[in-house]
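One structure is given below, encoded as structure tokens.
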Amino acid sequence: MAEDEPRVNTNEVQPEAEPEYEGTSIRWKHFSTSYKLAAKKISMGWSYDDFAQCIPGWSGAQPLQASDVCKQMSEFIQDSVNEEGDRIFRQYHAAEGIDTLHQVVAEAKARKAAGDAPGQDAWKRVLEPKEAIRARVVPVLRNEKARLEAALAELEAENDQLTDILKINKAKRTEQNALANQWLDALEETASAFGKLSETDVQQWSIEAQERIPQV
């Protein structure tokens with residue numbers, strides 16, 4: 001090993017990652033449960049019939065596979081909403097904040113039940129509580145709103161592309177169906193006309209057709 005190369009101490013104890021905070025108050029549990037129920041409701045906001053209308057041809061030909069795909073998409077949406085919500089909750093320490101709020105409310109109720117006189121407000125007199133909360137919450141909500149709008153715009157663009165593809169495929173299928181109907185109509189007219197020929201005409205036509213075949 002070169003003299004100027006730094007040596008790595010393999011015995012050095014690495015600092016442990018700080019454990020993730022888990023909310024303990026009943027207020028946080030109600031909040032978390034309500035959020036998960038809302039995520040589940042969002043994922044089930046569309047029915048299988050709505051899904052089948054997007055791809056009528058495939059869903060009609062493969063109803064079992066289409067049903068499985070619809071279920072998987074609903075589960076994916078629910079998992080994505082829960083994961084994104086958990087990320088936001090961790091980023092802004094929602095569990096700690098709600099637990100603190102629950103503790104403050106419980107202490108206030110206890111003081112009121114004991115008949116204690118209200119104490120002096122702990123916040124600064126020059127700043128109202130609503131203004132302080134608004135100053136911290138509004139920027140967060142604006143940033144989240146901008147992020148969701150960007151994600152929605154991207155999804156809408158993808159949806160427009162899929163819609164255009166579906167329209168093109170539908171137009172091609174309509175054109176092919178019209179051409180096939182023309183061929184069938186012409187075949188039926190030919191068969192009908194051939195059926196009206198007399199036996200003599202059929203024999204004469206057969207002879208003429210044989211004569212037109214080039215001899216090898």
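What's counted below: heavy atoms across the whole structure, side chains too, no hydrogens, waters or symmetry copies. None of these values were measured; they are calculated from a predicted model.
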Output for pair (I168 CD1, T163 OG1), nearest 0.5 Å, gives 11.0 Å

Output for pair (N169 CG, Q176 CD), nearest 0.5 Å, gives 9.5 Å

Q.
If we ignore hydrogens and angles and just use 3.5 Å, is the side chain of S59 paired with the main-chain N or O of P56 as donor and acceptor?
A. yes

The reported gap from CG in L148 to CG in N143 (rounded to nearest 0.5 angstrom) is 11.0 Å

- N-O pairing of K112 and E107 below 4.0 Å: no

Working for side-chain contact (heavy atoms from CB on, under 4.5 Å), residues L179 and Q182 = CA-CA 5 Å; L179 183 60; Q182 292 178 3; 4.0 Å; yes

inquiry  = Counting C-beta onward and ignoring hydrogens, is there a side-chain heavy-atom pair between D68 and K71 closer than 4.5 Å?
reply    = no

Q) Does any N or O in the side chain of S34 come within less than 3.5 Å of the main-chain N or O of H30, such that one atom is a donor and the other an acceptor? A) yes

Is it the case that over 12 heavy atoms from other parts of the model lie below 6.0 angstrom from the CZ atom of R87? yes

For T24 and D99 the tightest heavy-atom approach is N-OD2, 3.0 Å

Taking S32 for its side chain and W28 for its backbone only, find out whether a donor-acceptor pair lies under 3.5 Å.
no

Scanning both residues in full, the closest heavy-atom pair of S74 with S43 reads O-CB, 3.1 Å

* Asked: Passes side-chain contact (heavy atoms from CB on, under 4.5 Å), V81 versus K36? Steps please.
  -> CA-CA 9 Å; V81 172; K36 293 184 182 301; over 6 Å; no

Heavy-atom closest pair (N82 atom, A39 atom, distance to 0.1 Å) is OD1-CB, 3.4 Å

Can K145 and E149 be counted as an ion pair, charged N to O under 4.0 angstrom? yes

Inset, instruction - Treat each ILVMFWY residue as a node, draw an edge where side-chain heavy atoms are under 4.5 Å apart, and state whether M44 and I42 are in one component. - result: no

Handout entry: T174-N177 side chain donor-acceptor pair, cut-off 3.5 Å
Key = no

Are the side chains of R147 and R142 in touch, meaning some heavy atoms are under 4.5 Å apart? no

Q) Within the distance-only criterion (no hydrogens, no angle test), does the side chain of D79 pair as donor or acceptor with the backbone N or O of F76 below 3.5 angstrom? A) no

Rounded to the nearest 0.5 angstrom, the CD-CD distance for Q78 and E83 is 11.0 Å

Review point. Is it true that atom CD of E22 has more than 12 heavy atoms of other residues, nucleotides or ligands lying nearer than 6.0 Å?
Key: no

Are any non-hydrogen side-chain atoms of H102 and I26 less than 4.5 angstrom apart? yes

**Request:** Answer with yes or no whether the hydrophobic clustering places I77 together with F51; edges join I, L, V, M, F, W, Y residues whose side-chain heavy atoms lie under 4.5 Å apart.
**Result:** no

For residues 165-194, the salt bridge (charged side-chain N to carboxylate O under 4.0 Å, His left out) pairs (sequence neighbours left out) are none

Are W58 and Y48 linked, directly or through other ILVMFWY residues, by side chains that come within less than 4.5 angstrom of each other? yes

Value for CD (Q65) from SG (C70), rounded to nearest 0.5 Å, stands at 14.0 Å

